[in-house]
2 protein chains.
Amino acid sequence: MQVSPVTGIDRCVETRIDEGRVESVAASLVSLDEAVDLAEMFRLLGDPTRVRILYALLEAGELCVCDIAAVVDTNETKVSQAMRLLRSAGAVRNRRDGRNVFYRLDDAHVRMLLDLSREHLAHTVGDD
Amino acid sequence: MQVSPVTGIDRCVETRIDEGRVESVAASLVSLDEAVDLAEMFRLLGDPTRVRILYALLEAGELCVCDIAAVVDTNETKVSQAMRLLRSAGAVRNRRDGRNVFYRLDDAHVRMLLDLSREHLAHTVGDD
DNA sequence: AGTATATCTTCACGTCTGTGCAGGTTTCTC
DNA sequence: GAGAAACCTGCACAGACGTGAAGATATACT
């Protein structure tokens, strides 16, 4: 990599393919803060267990930890830890009823992403 | 956590809140393989730098590494590594033109997720 | 009060990930 | 061919992450 003698950082020296377009795109680009928030949300969905849990909730509406573990075919510890993450991120909401704690989706954006991605799965033949 | 004396695994012993619904939801749940694929895709978007890069490409259509680094305000190494990940995952496609390598989005699903998420950003006032 | 069930938390461990640095490759220009 | 520019790769390392074990808490039932 080449370090610019001008700026001192490893970036193309000063030639831009299209300086105007670079500025234009940079101006309309999502801010770093927005990107961090978005990435955080996508990261929630970046784990198979969490994805399945969320799809189970999308389908069932509301499920207790016990049943989530059964549906997703995993243990309660995994579910509990996943729920803590999802809860603190605002993706799900919980409600206690006796010994059971019921979870449900609580984020329209997450719900939308799941919904559309499931459709995408259905339309995908087998190419990946 | 309580280990079931029957099954030996740490799961609610045998009482289900609703056995029928559990089976029903489990039957229509995305498979583990599908969940792994989906999670892998979401994981691509689970990093602020990659998110911004992808949005830059969504906006610009095509950009060289040099300009991507300028737009996203980062160094070429980061961009290169990010592009390798995105490329091997099939999210972007590259084209060489002289000294420059141009990248563009190459995945309809990713494009859709980005598009809808940007709309979501626009509609979000400030609550997160 | 005592026990069992459901859920949560803490801790520790192995692995994955993002990052910077240094060097390598390809292409263009002189 | 020499040098510069754009891009890529390998390495090392700190930090984050997913996981399981063990114990704690909360609620129900007798």
Side-chain angles (χ1 to χ4, degrees), chain A residues 1-18 22 35-36 39-40 42-53 63-70 72 74-89 92 94-103, chain B residues 1-17 35-36 39-40 42-53 63-70 72 74-89 92 94-103:
Chain A
M1 184 176 306
Q2 197 68 17
V3 173
S4 163
V6 181
T7 61
I9 55 179
D10 62 337
R11 191 183 288 174
C12 321
V13 193
E14 67 241 43
T15 58
R16 288 287 115 74
I17 298 302
D18 188 339
V22 165
V36 168
E40 207 166 326
F42 282 125
R43 208 176 52 73
L44 285 183
L45 303 174
D47 175 78
T49 300
R50 290 197 293 271
V51 165
R52 297 190 89 207
I53 289 175
L63 284 174
C64 67
V65 174
C66 175
D67 285 359
I68 293 175
V72 179
T74 185
N75 58 46
E76 292 182 32
T77 299
K78 265 195 188 180
V79 175
S80 253
Q81 314 250 38
M83 296 331 274
R84 176 171 45 163
L85 228 177
L86 295 172
R87 185 167 10 108
S88 72
V92 301
N94 60 343
R95 167 179 78 82
R96 171 149 227 145
D97 180 19
R99 272 190 291 233
N100 298 104
V101 174
F102 289 89
Y103 285 90
Chain B
M1 182 178 307
Q2 196 68 17
V3 174
S4 165
V6 181
T7 61
I9 55 178
D10 63 337
R11 190 184 290 175
C12 320
V13 194
E14 68 241 41
T15 58
R16 288 285 117 73
I17 298 302
V36 168
E40 206 167 327
F42 282 125
R43 209 175 52 74
L44 284 183
L45 304 173
D47 175 78
T49 300
R50 290 198 293 272
V51 165
R52 296 190 90 205
I53 289 175
L63 284 174
C64 66
V65 174
C66 174
D67 285 358
I68 293 175
V72 179
T74 185
N75 58 45
E76 290 183 32
T77 300
K78 264 194 187 181
V79 176
S80 254
Q81 314 250 37
M83 297 330 274
R84 173 170 47 163
L85 229 177
L86 295 172
R87 187 169 8 111
S88 71
V92 301
N94 60 342
R95 168 180 77 85
R96 172 148 227 143
D97 180 20
R99 272 190 289 233
N100 297 104
V101 176
F102 289 88
Y103 285 90

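Labels below follow one simple rule: chain letters A, B, ... track the order of the sequence lines, proteins then strands, and each chain is numbered from 1. Small disclaimer: the values here were computed from a predicted structure and weren't measured.
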For this session: Establish, with yes or no, whether the OP1 or OP2 oxygen of dC8(D) is under 4.0 angstrom from a side-chain nitrogen or oxygen of Y103(B).
Result: yes
Exercise. What is the per-nucleotide protein-contact pattern of nucleotides 15-20 of chain C, from the 5' end, where B denotes a base atom under 4.0 Å from a protein heavy atom, S denotes such proximity for sugar-phosphate atoms only, and - denotes neither?
Worked result: --SSBB
Exercise. Tell me: CZ of R95(A) to P of dT7(C), nearest whole Å?
Worked result: 12 Å
Exercise. For R96(B) and dT26(C), what is the distance between atoms CZ and P respectively, to the nearest whole Å?
Worked result: 9 Å
Seminar exercise, completed: Here the distance between atom P of dA6(C) and atom CG of N94(A), to the nearest Å, is 18 Å
Exercise. Which part of the nucleic acid does R84(A) contact within heavy-atom distance under 4.0 Å: base, sugar-phosphate only, or nothing?
Worked result: base
Exercise. Of all the nucleotides listed (dT9(D), dA6(C), dC8(C)), which has the minimum atom distance to the side chain of N100(A)?
Worked result: dA6(C)
Problem set entry | Residues forming a side chain to side chain contact (heavy atoms under 4.5 Å, CB included) with V101(B), sequence neighbours excluded | N94(B), R96(B), Y103(B)
For this session: Could you state the atom-to-atom distance from CE of M83(B) to C1' of dT9(D) in whole Å?
Result: 16 Å
Problem set entry | Gap between atom OG of S80(B) and atom CZ of R87(B) - 0.5 Å precision | 8.0 Å
Seminar exercise, completed: R99(A) meets the side chain to side chain contact (heavy atoms under 4.5 Å, CB included) criterion, sequence neighbours left out, with none
Exercise. Of all the choices, dA6(C), dT10(C), dC8(D), which nucleotide is nearest to the side chain of S80(B) once you look at every atom?
Worked result: dC8(D)
Problem set entry | Residue pair A35(B) / R52(A): nearest heavy atoms and the distance that separates them | CB-CG, 3.4 Å
Seminar exercise, completed: For L44(B) and A89(B) the tightest heavy-atom approach is CD1-CB, 3.4 Å
Just the atom pairs and distances: protein N or O near nucleotides 28-30 of chain C's N or O, under 3.5 Å.
residue	atom	partner	partner atom	Å
dC28(C)	O2	R99(B)	NH1	3.4

Exercise. Which atoms form the tightest heavy-atom contact between A39(A) and P48(B), and what is the distance?
Worked result: CB-N, 3.4 Å
Exercise. What pattern of brackets, bars and dots sums up DNA chain C from 5' to 3', given Watson-Crick or G-U wobble pairs under 3.5 Å, [ ] for crossing pairs and | for another strand?
Worked result: ||||||||||||||||||||||||||||||
Seminar exercise, completed: Here the distance between atom C1' of dA6(D) and atom CG of D67(B), to the nearest Å, is 11 Å
Exercise. Checking side chain to side chain contact (heavy atoms under 4.5 Å, CB included) for the pair V72(A)/K78(A): CA distance, chi angles, key distance, verdict?
Worked result: CA-CA 10 Å; V72(A) 179; K78(A) 265 195 188 180; over 6 Å; no
Problem set entry | Contacts of type side chain to side chain contact (heavy atoms under 4.5 Å, CB included), residue R95(B), not counting sequence neighbours | E62(B), D97(B), F102(B)
Problem set entry | side chain to side chain donor-acceptor pair (under 3.5 Å) partners for E40(A), two or more places apart | none
Seminar exercise, completed: From CD of E76(B) across to C1' of dA4(D) the rounded distance in Å is 13 Å
For this session: Could you pull out all residues at least two apart from A82(A) that satisfy side chain to side chain contact (heavy atoms under 4.5 Å, CB included)?
Result: R50(A), I53(A)
